[in-house]
Number of protein chains: 2
Amino acid sequence: MATIKEVAQRAGVSIRTVSRVLNEHPHVANETRERVLRVIEELDFRPNAAARYMRTGQSQLIGFLTDEVAQNVFSYDLIIGAQQAAWEHEKLLFLLNTGNDPQVEIRAINMMRDHQVEGMIYATMYHREIGHSQFPEDIPIVLVNCYADDRSLPCIVPDEVGGGRLATETLLKKGHRRIGFVNVAAQEPAPLGRLEGYRQALAHYGIPFDEALVRYIEEPFEGLATSTYDCVLSLLQMNDPPTGIFCFNDLMALGAYDAIRKSNLRIPEDVAIVGFDNVEMLAAQIHPPLTTIELPMFEMGQLAVRMLLEEGAIAQDGQFVQHIIECPLIIRRSV
Amino acid sequence: MATIKEVAQRAGVSIRTVSRVLNEHPHVANETRERVLRVIEELDFRPNAAARYMRTGQSQLIGFLTDEVAQNVFSYDLIIGAQQAAWEHEKLLFLLNTGNDPQVEIRAINMMRDHQVEGMIYATMYHREIGHSQFPEDIPIVLVNCYADDRSLPCIVPDEVGGGRLATETLLKKGHRRIGFVNVAAQEPAPLGRLEGYRQALAHYGIPFDEALVRYIEEPFEGLATSTYDCVLSLLQMNDPPTGIFCFNDLMALGAYDAIRKSNLRIPEDVAIVGFDNVEMLAAQIHPPLTTIELPMFEMGQLAVRMLLEEGAIAQDGQFVQHIIECPLIIRRSV
DNA sequence: GCAATTTTTGCCATCGTTGGCAAGGCCTTC
DNA sequence: GAAGGCCTTGCCAACGATGGCAAAAATTGC
């Protein structure tokens with residue numbers, strides 16, 4: 001590829017002048033500028049980003065680390081959201097999946113440092129706590145879907161409690177008073193928070209919390225829909241069965257659908273269902289389409305990059321920012 | 001961050017010696033090497049990749065362009081496959097989604113050129129033909145899931161015909177003789193190829209091709225499952241209805257499931273179903289789990305990077321390589 | 001017409017690294 | 001003890017761009 005030197009020679013000016021044209025400095029004669037621009041076009045010249053970085057110290061690069069792939073559909077939205085925001089800032093995004101291997105993670109972070117990224121985003125597939133010590137101190141970091149054990153890093157997490165509350169309220173507003181919650185058993189922010197939201201919504205409507213209506217699916221998550229199927233079946237066989245069920249996620253709602261159909265009940269006439277995640281491929285396609293709470297991954301990805309580049313990831317008072325993102329209700333036809 | 005100069009000063013040697021240690025040159029006294037390594041550790045020094053590129057011309061960077069996000073689950077596997085292969089070669093991957101906008105595409109390619117990528121991968125979400133002129137000639141390119149209109153670029157595409165044949169054979173082997181095919185209407189490699197595979201399999205078993213058993217869903221794909229639902233319902237209401245149905249993709253198989261259940265038939269006892277894509281979230285979770293043909297996106301992503309870096313993307317005889325990837329059968333319980 | 005000012009341009013150092021070349025030191029070997 | 005060889009090390013020039021500074025050219029004011 002052509003270099004600035006070749007452009008200068010061909011245009012009959014000095015390298016410095018070409019540089020001035022490139023960077024839109026004032027004090028370049030119109031005629032000269034046009035000649036240089038013509039040569040740039042002719043040679044299809046593009047300034048070398050690495051060389052430019054050498055002088056300016058700006059790499060225009062951002063690193064995006066994810067912990068694991070899993071079967072996670074919304075993770076893709078997260079990445080694309082970040083990528084799009086990076087694009088808007090004319091930055092390029094490195095993608096690196098560590099597979100949750102600490103060794104890989106260390107090397108990955110080092111590689112990003114080698115390439116002088118201006119900031120890094122570390123995203124986990126599930127909302128969880130992580131160690132903070134693994135990150136270099138000289139590079140801005142934003143965590144997504146996770147938070148540092150000592151809260152020393154800025155982060156973006158979904159509002160699990162609000163989402164759980166919204167899901168439950170959606171059922172309550174439709175008149176349901178016996179509401180089941182099929183949760184997962186892990187002691188983590190998502191199941192814990194959504195349960196808390198479920199309780200808050202019930203309390204707000206003056207309905208006593210009934211242990212028997214809350215069920216926990218054990219990991220591993222293989223056959224998650226099937227486990228939920230069994231679970232919902234037993235829920236429907238209670239003396240006083242629920243008429244509305246809040247499922248921890250959309251995949252589990254799929255299992256609930258099967259159980260309800262098996263019981264010869266209709267959705268939403270006999271039993272209403274609310275899911276969580278808004279995995280379009282699932283929620284919008286099953287019959288009837290699933291009303292669910294959206295995990296706004298695209299927006300979280302966008303916000304992560306914007307925090308890095310615009311806000312500097314640090315709040316005014318020196319405190320690290322914790323963005324808690326609202327999870328909106330997506331109304332379809334299962335309620 | 002520390003530079004090689006600071007390391008040299010602190011270790012009391014010249015920069016050149018530190019460089020030799022970094023690059024594992026011979027002819028460095030053990031004692032010196034150890035002293036240098038100690039200082040490198042102390043200062044947490046890492047060589048600057050941009051500066052290194054300046055001398056060596058090796059950027060260790062690969063660009064990955066995708067055309068659109070869509071609701072495409074397997075696209076993620078493609079990206080992660082490429083990322084993993086890049087990692088194995090100690091390269092970093094730029095991810096850029098163009099949203100199928102030609103203007104964005106041009107700028108994206110330029111940005112990658114600016115950053116001196118050693119090669120680029122261009123992946124489309126659907127198997128299709130693309131123009132070749134948009135790509136720079138001085139950078140190796142590998143196409144994934146698409147091919148250049150003049151076949152001038154190396155590419156990796158799934159074996160649609162083989163997949164269609166395998167799907168149909170799977171039903172034939174189970175004794176089914178009336179086999180429906182719910183296809184999509186587009187004139188593109190995937191529907192065309194899979195139909196060809198369907199015909200080949202029937203022909204191989206000496207079964208005449210029956211127009212009436214092949215249906216076409218029109219785009220747009222919104223409510224794809226629902227359209228398929230109607231379509232399968234009409235298929236089952238024929239005088240001589242099919243006992244096995246091959247669906248163009250897993251999402252459509254979901255609609256087929258609903259139609260079959262609605263008709264009070266059982267899967268697979270009354271009607272067997274084969275899908276395509278192997279979207280785990282769907283295929284493994286619905287009831288009964290779906291037998292399907294896998295689109296091996298992860299492998300295709302890996303292969304793309306390997307072609308770029310290992311094979312140089314050009315075949316021995318100067319012809320460009322076209323890798324046609326076999327799509328394996330994933331046996332579950334719907335057949 | 002000349003000084004003062006402004007515009008336009010070019011020279012050179014620099015960013016952090018690697019590679020060519022050469023020099024100095026030490027060890028063989030006869 | 002001298003010559004030749006290898007081991008070890010350092011100096012300097014590059015890579016492609018930008019920025020400071022100053023020189024050259026053009027413009028202005030009186």
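Letters A, B, ... mirror the listed sequences (proteins, then strands); counts begin at 1.
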Result block: side-chain N/O donor-acceptor pairs under 3.5 angstrom for residues 57-65 of chain B, not counting sequence neighbours:
residue	atom	partner	partner atom	Å
B:S59	OG	B:L61	N	3.3
B:S59	OG	B:Q116	O	2.4
B:Q60	OE1	B:K91	NZ	2.7

| field | Minimum-distance pair of heavy atoms, taken over all atoms of B:P47 and B:L22 | value | CB-CD1, 4.4 Å
| field | Start and end of chain B contact along DNA chain D [non-hydrogen atoms, under 4.0 Å] | value | D:dC7 to D:dG16
| Stepwise, does the side-chain contact (heavy atoms from CB on, under 4.5 Å) test hold for A:R113 with A:N110? | CA-CA 5 Å; A:R113 282 220 291 163; A:N110 277 338; 3.8 Å; yes
| request: Strictly below 4.0 Å, heavy-atom distances to any atom of DNA chain D: list the hits from residues 39-55 of chain A, or just say none. | output: A:F45, A:R46, A:P47, A:N48, A:A51, A:R52, A:M54, A:R55
| message | Checking the side chain of A:N100 only, and the main-chain atoms of A:E68 only, is there a donor and an acceptor separated by less than 3.5 Å? | response | no
| Given atom CD1 of A:I15 and atom P of C:dT14, what is their separation to the nearest angstrom? | 17 Å
| Would you say A:T98's side chain and A:V104's backbone share a donor-acceptor pair under 3.5 angstrom? | no
| Going by heavy atoms in the side chains, are A:R20 and A:H27 under 4.5 Å from each other? | no
| request: Return each pair, listed once, that meets ring-ring contact (aromatic ring centres under 6.0 Å, His included) where at least one residue sits in residues 130-160 of chain B; pairs must be two or more places apart or across chains. | output: B:Y122-B:F135
| said: Could you tell me how far apart B:Q60 (CD) and C:dT18 (P) are, to the nearest whole angstrom? | reply: 12 Å
| query | Quick one: are B:Q83 and B:Q302 in side-chain contact, heavy atoms under 4.5 Å? | reply | no
| Excluding sequence neighbours, so at least two apart, what forms side-chain contact (heavy atoms from CB on, under 4.5 Å) with A:N30? | A:R33
| field | Those residues that, when tested against B:D114, pass side chain to side chain donor-acceptor pair (under 3.5 Å) (two or more places apart) | value | A:R46
| query | What residues in residues 1-11 of chain A put a non-hydrogen atom under 4.0 Å from any atom of DNA chain D? | reply | A:T3, A:I4
| request: Kindly calculate the angle separating the two end axes of the helix from C:dG1-D:dC30 to C:dC30-D:dG1, each obtained from five base pairs, and round it to 10 degrees. | output: 40°
| note | A:E31 meets the side chain to side chain donor-acceptor pair (under 3.5 Å) criterion, sequence neighbours left out, with none
| said: I'd like to know whether CD of B:E129 has more than 12 heavy-atom contacts from other residues, nucleotides or ligands below 6.0 angstrom. | reply: yes
| field | Qualifying residues under ring pair (Phe, Tyr, Trp, His ring centres under 6.0 Å), relative to B:Y53, sequence neighbours excluded | value | none
| field | Side chains of A:N48 and A:T3 in contact at under 4.5 Å (non-hydrogen atoms) | value | no
| query | Looking only at heavy atoms, which two atoms of A:G119 and A:I139 are closest? And how far apart? | reply | CA-CG2, 3.8 Å
| task | Ignoring hydrogens and angles, state whether a donor on the side chain of A:T66 or A:N97 is under 3.5 Å from an acceptor on the partner side chain. | result | yes
| Heavy atoms of other groups near A:E188 CD, more than 12 under 6.0 Å | yes
| query | Where along residues 107-118 of chain A does a heavy atom come under 4.0 Å from DNA chain C, residue by residue in number order? | reply | none
| Where along residues 16-34 of chain A does a heavy atom come under 4.0 Å from DNA chain C, residue by residue in number order? | A:R16, A:T17, A:R20, A:H27, A:V28, A:A29, A:T32
